[in-house]
Amino acid sequence: MIFTLKNETIILGFICGILFFAFQARAADPFLSKGDVPESGGFRTVTLLKNLDHPWGMAWLPDGNMLVTERSGKLLLVDKAFSAQQVQGVPKVYVNGQAGLLDVTLHPDFSTNRIIYLSYAHGRRTENGLRVAKAKMENLVLKDVQVIFEVSQKKFGTQHFGSRFVWLPDKTLLFSVGDGGNPPVWLNGGFIRNQAQDTKSHLGKVLRMRADGTVPADNPFSGSSEADPLIWSIGHRNIQGLAVDPLTGKVWSSEHGALGGDELNIIEKGGNYGWPEVTYSREYTGFSITDERSRPGMINPKLVWLKAIAPSGLLVYTGNGFLQWQGDLFAGGLVSQNVRRIDLDANGNIQGEQSIRIGARVRDVSQGPDGMIYVLTDEDAGKLIRISPAPGKAPPSP
Ligand SMILES: [Ca+2]
């Protein structure tokens with residue numbers, strides 16, 4: 001052979017380089033969920049409350065009571081005996097299709113300041129958008145209601161508002177805004193979904209604000225004239241699940257695709273998650289949206305549900321009710337009518353998935369102060385359901 005040692009070293013280095021990048025690319029490939037998901041056992045479900053009108057979000061109060069939103073515009077205080085009373089003073093909400101009263105969350109210092117946050121659709125069919133309001137809750141009345149956010153791009157129709165809240169440890173608030181709708185909904189010379197890649201638009205984003213609604217100085221586009229300073233991440237279709245893992249600090253999101261291709265992502269500051277230029281999902285007609293599944297500079301999902309579950313509320317479970325499930329993710333599914341437990345190993349890698357059958361469209365998933373898992377179902381007579389270990393049985397295996 002005529003290779004010199006130097007040449008061999010270069011060739012070996014080259015091969016190692018290719019293997020390294022191939023491994024990196026493989027490591028970053030998403031876990032593909034094809035729909036053949038095994039059923040989980042070892043739990044039971046109990047219906048605690050019936051006849052909720054399309055409940056959407058829930059938040060636990062320090063005293064063990066909870067707040068529940070109904071999409072039709074009511075905010076309910078549910079006490080520990082699971083009896084519900086209406087809270088007065090909710091702002092006027094646009095209710096139609098996916099539009100309505102959406103998520104609710106408490107200020108991190110709620111126990112001293114009694115402040116809550118609501119997200120909701122505002123406007124009318126021809127011109128509407130997401131709003132966020134904060135208010136002080138005094139017994140069963142909201143006082144000092146202040147609108148602290150309104151989507152700057154008004155849209156037509158009743159699709160894709162987002163919206164979930166999650167607090168970061170620094171007491172800033174992340175919330176999702178949907179892309180505005182499916183074709184043929186149109187804005188500024190293109191399908192409105194293209195707004196998800198426009199850094200001057202709120203649509204199709206995760207946004208981050210301070211508790212008073214102002215822009216944190218360390219947002220990725222803070223001080224830029226090229227982008228909206230509230231933007232935290234871009235390229236999202238419709239995130240309806242957001243959760244922070246208190247141990248790792250990771251922010252997880254679950255996001256609707258169109259036909260198939262729902263995603264589970266880890267949200268990073270300034271990240272581009274690809275929609276609609278990169279996606280596993282297809283148009284509802286079956287036509288292709290794009291052939292691209294991945295692109296340099298865009299962040300791959302951690303998991304893709306090739307068969308859509310229509311993801312809703314998301315939970316990182318940390319309770320003592322199910323010790324083997326600690327650290328796992330629980331993603332509600334509207335279409336799948338179950339809660340998917342996503343089994344994570346100690347490094348946060350996805351090991352697999354199980355189905356906790358609910359038998360109705362699941363809208364939100366939350367961990368109660370008792371360490372049990374609570375679910376809201378999206379129905380005319382929606383339910384609050386508790387998932388707890390089956391009596392007399394060993395807890396379910398990991
Ligand atoms: Ca994506």
Side-chain angles (χ1 to χ4, degrees), residues 56-59 61 67 69 73 75 87 89-94 99-123 127-138 141-155 160-180 195-196 198-234 236 238-240 242-244 251 253 267 269-270:
W56 210 95
M58 55 182 148
L61 298 168
L67 294 173
T69 56
L75 178 66
V87 178
V90 172
K92 184 170 160 41
V93 173
Y94 172 55
L101 180 59
L102 302 174
D103 209 7
V104 56
T105 191
L106 310 185
H107 189 291
D109 303 322
F110 175 86
S111 55
T112 52
N113 66 21
R114 309 286 300 172
I115 291 174
I116 72 161
Y117 296 76
L118 297 169
S119 67
Y120 56 99
H122 173 79
E127 194 179 54
N128 61 65
L130 186 76
R131 275 187 173 184
V132 174
K134 67 191 267 277
K136 190 168 187 179
M137 198 172 86
E138 289 182 5
V141 182
L142 298 183
K143 301 270 180 69
D144 306 331
V145 178
Q146 255 185 292
V147 176
I148 57 169
F149 170 79
E150 179 165 348
V151 164
S152 50
Q153 294 73 26
K154 297 297 173 294
K155 68 180 190 66
H160 302 187
F161 291 89
S163 69
R164 285 288 173 196
F165 291 124
V166 76
W167 291 92
L168 296 181
D170 65 359
K171 298 185 184 177
T172 57
L173 181 61
L174 293 184
F175 61 102
S176 58
V177 182
D179 72 356
Q195 298 280 310
D198 182 342
T199 54
K200 289 193 171 168
S201 172
H202 288 147
L203 296 170
K205 306 296 184 311
V206 173
L207 305 178
R208 176 176 177 248
M209 61 167 62
R210 292 200 192 97
D212 63 359
T214 58
V215 178
D218 57 345
N219 269 4
F221 301 107
S222 182
S224 161
S225 59
E226 296 305 306
D228 190 283
L230 283 173
I231 290 176
W232 186 250
S233 63
I234 76 168
H236 302 290
N238 199 18
I239 290 178
Q240 297 209 322
L242 269 179
V244 173
V251 179
S253 76
I267 300 297
K269 174 180 177 177

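Note that the coordinates shown come from a computational prediction; the quantities given were computed from them, not determined experimentally. What you see below is based on every heavy atom in this structure, not just the backbone, and it leaves out hydrogens, waters and symmetry mates.
- Considering only heavy atoms from C-beta on, Ile234 stays 4.5 Å or farther from Asp198 through its side chain.
- Taking all atoms of both residues into account, the shortest heavy-atom contact from Trp232 to Asp218 is CZ3-O, 4.3 Å.
- Counted by atom type alone, His122 and Asn128 present zero donor-acceptor pairs between their side chains at under 3.5 Å.
- Within the 4.5 Å cutoff, the side chain of Phe221 has heavy atoms near those of the Thr199 side chain.
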Trace of the side chain to side chain contact (heavy atoms under 4.5 Å, CB included) decision for Val147 with Tyr120:
CA-CA 11 Å; Val147 176; Tyr120 56 99; 3.6 Å; yes
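- Judged purely by atom type and a 3.5 angstrom limit, Ser176 has no side-chain atom pairing as donor or acceptor with the backbone of Val206.
- We find that Arg164 and Asp103 are joined by a salt bridge, their nearest charged nitrogen and carboxylate oxygen being less than 4.0 Å apart.
- Salt bridge Lys143/Glu138: present, at least one basic N to carboxylate O contact under 4.0 Å.
- Here the OG-CD distance, from Ser163 to Gln240, works out to 7.5 Å after rounding to the nearest 0.5 Å.
- Side-chain contact between Leu101 and Leu118: present, with at least one pair of heavy atoms (C-beta onward) separated by less than 4.5 Å.
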Check the pair Asp212 / Ile148 against side chain to side chain contact (heavy atoms under 4.5 Å, CB included), numbers first and verdict last.
CA-CA 7 Å; Asp212 63 359; Ile148 57 169; over 6 Å; no
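- A salt bridge does not link Asp179 with Lys205: every distance from a Lys NZ or Arg NE/NH1/NH2 to an Asp or Glu carboxylate oxygen is 4.0 Å or more.
- Arg208 and Thr172 form a side-chain donor-acceptor contact under 3.5 Å, judged by distance and modelled atom types alone.
- Taking the six-membered ring for Trp and thresholds of 30 and 60 degrees, Trp167 and His107 have ring planes inclined between 30 and 60 degrees apart.
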Where do Val177 and Phe161 land on the side chain to side chain contact (heavy atoms under 4.5 Å, CB included) test, with the steps shown first?
CA-CA 6 Å; Val177 182; Phe161 291 89; over 6 Å; no
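- Between Pro220 and Gly270, the shortest heavy-atom distance links the atoms CG-N, 3.7 Å.
- Between Ala99 and Ala121 the shortest heavy-atom distance is CB-CB, 3.6 Å.
- Taking 4.5 Å as the limit, every side-chain heavy atom of Asn219 sits out of range of all side-chain heavy atoms of Pro229.
- Between Gly73 and Val90, the closest heavy-atom pair is O-CG1, 3.6 Å.
- Listed here is the closest heavy atom pair of Ile231 and Ser201: CD1-O, 3.8 Å.
- Using a 4.5 Å cut-off on side-chain heavy atoms (C-beta onward), Lys136 and Val145 make no contact.
- In this structure, Arg131 and Tyr94 have side chains that are not in contact, with every pair of non-hydrogen atoms separated by 4.5 Å or more.
- In this structure, Leu174 CG and Ser233 OG are separated by 8.0 Å, a value rounded to the nearest 0.5 Å.
- The CG atom of Leu130 sits 9.0 Å away from the CG atom of Leu207 when rounded to the nearest 0.5 Å.
- The side-chain heavy atoms of Met209 and Phe149, taken from C-beta on, include a pair separated by under 4.5 Å.
- Atoms CZ and CD1, from Phe110 and Ile115 in turn, are 9.5 Å apart once rounded to the nearest 0.5 Å.
- Between the NZ atom of Lys269 and the CG atom of Leu168 there is a distance of 11.0 Å, given to the nearest 0.5 Å.
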With side chain to side chain contact (heavy atoms under 4.5 Å, CB included) as the test, would you mind laying out the steps for Met137 and Leu67 before giving the verdict?
CA-CA 11 Å; Met137 198 172 86; Leu67 294 173; 3.8 Å; yes
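- Here CG of Leu142 is found 12.5 Å from NZ of Lys134. Values are rounded to the nearest 0.5 Å.
- Taking 4.5 Å as the limit, some side-chain heavy atom of Asp109 sits within range of a side-chain heavy atom of Lys171.
- For the pair Val151 and His202, the tightest heavy-atom approach, listed with the atom from each and the gap, is CA-ND1, 3.6 Å.
- A distance of 6.0 Å or more separates the ring centres of Phe175 and Tyr117.
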